[in-house]
2 protein chains.
Amino acid sequence: MNYTEAKDKFISTWGALGTLWGINKAMAQIHALLWISPQPLSMEDIMEELHISRGNTSMNLRQLMDWGIVFKESKPGERKEYFASEKDVQELARQVAKERSRREIKPVIKVLREVSRIKGDGTKKTEELIKQTKALYELADNADTMMNKIVNQESKWLTKTLMKLIK
Amino acid sequence: MNYTEAKDKFISTWGALGTLWGINKAMAQIHALLWISPQPLSMEDIMEELHISRGNTSMNLRQLMDWGIVFKESKPGERKEYFASEKDVQELARQVAKERSRREIKPVIKVLREVSRIKGDGTKKTEELIKQTKALYELADNADTMMNKIVNQESKWLTKTLMKLIK
DNA sequence: TTAAACTTTCAATAATTACTGAAAGTTTAA
DNA sequence: TTAAACTTTCAGTAATTATTGAAAGTTTAA
């Protein structure tokens, strides 16, 4: 496998994974391209490499910036803007986890808490609703907390938690 | 919030979360409905409750069964088939993690390994491709392994790993 | 066997989501 | 200022994905 084959394989695989996880293909592919690019790229560069339109490129770059994993850079003396990816894999993971938690998981946890706290009325179906949504609430809340802690590299927390587990 | 409101809120929230994570709405909603149902439901029951067609119901129930989180049940003396959800939240998480890992993560890890192992040719762009995909490979591989271990409740592994971390 | 009761399949269609390209907007050098 | 160089927006269109419903398939009781 030569450079071009490897690059294309990486970009298309990353795009496909994105699609499977609810991220649009162009957005994932732009991210992949910037992730492996040694230098920042202009909009033209991206459009040309991925064969996508100016509008599409602009919209998805904005989203990537909203996610905090792509940054605008200006080269001195040039009018054009360049775009660069966050390059540190830990920071990438941290940022993605943080945003998915904030936008998608936390709101669901809130609903699960509300729903699981309705008053029981003695019927079986209400009991079951409460029991099952409560279980989901506890799982989601724990997983969310743990993920955020791990990804925030709060090693003190991790160590403390582990100590408790072992004792 | 009464029972019906809570039920509807849970089902629609679960459906919306599914959509965000690349799972179709009907599939997520059928799962939600069975998750809180005290007894197995027939196809008719599901169609009626969620206002979806027979074909849609049948196809999505099959997918849920493929994921290993919904099961067919037959009541003695009845021709009709009934469907029930896995009810244990740990087992649900275990199963979903296992399937997403197998179907989606493992194949991507394989590609990342291949791509990150191409021969360097001394150019900057090839070095960057190798470095960045290798970093992603290591992150994904570690995360996948850890998730599977945690979710498989391999507490021995967890304890050992934690001991190492603390020392 | 057969026919009623039920489930699955799949071609057609609807709904959703993504993408384009040109017009409008913005920035900056002169 | 203004006009060139660039980016953003968004209405229209394309592509993808989900859904329907009826025909085909399956199962079982008699």
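Numbered from 1 within each chain, the chains take letters A, B, ... in sequence-line order. Everything numeric here is computed off the predicted structure, so don't read it as measured data.
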Nearest-nucleotide pick for A/Glu81, side chain only, options being C/dT7, D/dT7, D/dT17:
D/dT7

Go nucleotide by nucleotide along DNA chain C from the 5' end; which of A/Gly22 and A/Glu78 gets its closest nucleotide reached first?
A/Gly22

Spacing between B/Lys25 atom NZ and C/dT17 atom P, to the nearest angstrom
9 Å

Nearest-neighbour nucleotide for the B/Asn60 side chain, C/dT7, D/dT19, D/dT8 considered
D/dT19

Would B/Trp21 and A/Glu104 count as having a side-chain donor-acceptor pair, cut-off 3.5 Å?
yes

Of the non-hydrogen atoms in B/Ala140 and B/Ile109, which two are nearest, and what is the gap between them?
O-CD1, 3.7 Å

Value in whole Å for how far the P atom of C/dA18 lies from CD1 of A/Ile30:
13 Å

Of the candidates D/dT9, C/dT9, C/dT20, the side chain of B/Ser58 sits closest to C/dT9

Verify the distance criterion only: is there a donor paired with an acceptor across the side chains of A/Ser42 and A/Asp45 at less than 3.5 Å?
yes

Of the listed nucleotides (C/dT7, D/dT8, D/dC6), which one gets closest to any side-chain atom of A/Lys80?
D/dC6

Does a side-chain N or O from A/Asn24 land closer than 4.0 Å to OP1 or OP2 of C/dC19, or not?
yes

So, OP1 or OP2 of C/dT8: does either fall under 4.0 Å of a side-chain N or O from B/Lys72?
yes

So is A/Lys75 actually on top of A/Tyr82's ring, under 6.0 Å and inside 45° of the axis?
yes

To the nearest angstrom, the CZ-C1' distance between B/Arg62 and D/dG25 comes to 13 Å

Atom CD1 of B/Ile23 to atom P of D/dT19: distance rounded to whole Å?
13 Å

In which ranges does DNA chain C form stems of 3 or more consecutive Watson-Crick or G-U pairs, distances under 3.5 Å?
C:1-30 with D:1-30

Nearest 0.5 angstrom please: A/Lys134 NZ to A/Leu136 CG, how far?
13.0 Å

Between D/dT9, C/dT9, C/dT20, which nucleotide has the shortest distance from any of its atoms to the side chain of A/Ser53?
C/dT20

Can you measure B/Phe83 atom CZ to C/dT8 atom C1' for me and round it to whole angstrom units?
11 Å

How many Å lie between CG on A/Leu64 and P on D/dT8, as a whole number?
13 Å

Between D/dT20, D/dA29, D/dA5, which one does the side chain of A/Arg79 approach most closely?
D/dA5

With a cut-off of less than 4.0 Å, is there a side-chain N or O of B/Asn56 near OP1 or OP2 of D/dA18?
no

Can you name the closest pair of heavy atoms from B/Lys87 and B/Leu34 and give their distance?
NZ-O, 3.3 Å

Measure CD/B/Glu44 against P/D/dG21 and give the value in whole Å, please.
14 Å

Pair B/Lys106-B/Ser101, side-chain donor/acceptor within less than 3.5 Å:
yes

Whole-Å distance separating the CZ atom of A/Arg54 from the P atom of D/dA5
13 Å

On DNA chain D, does the nearest nucleotide to B/Met59 precede the nearest nucleotide to A/Tyr82 from the 5' side, or the other way round? Give the residue.
A/Tyr82

A/Glu78 side chain vs A/Lys80 backbone, donor-acceptor pair below 3.5 Å:
no

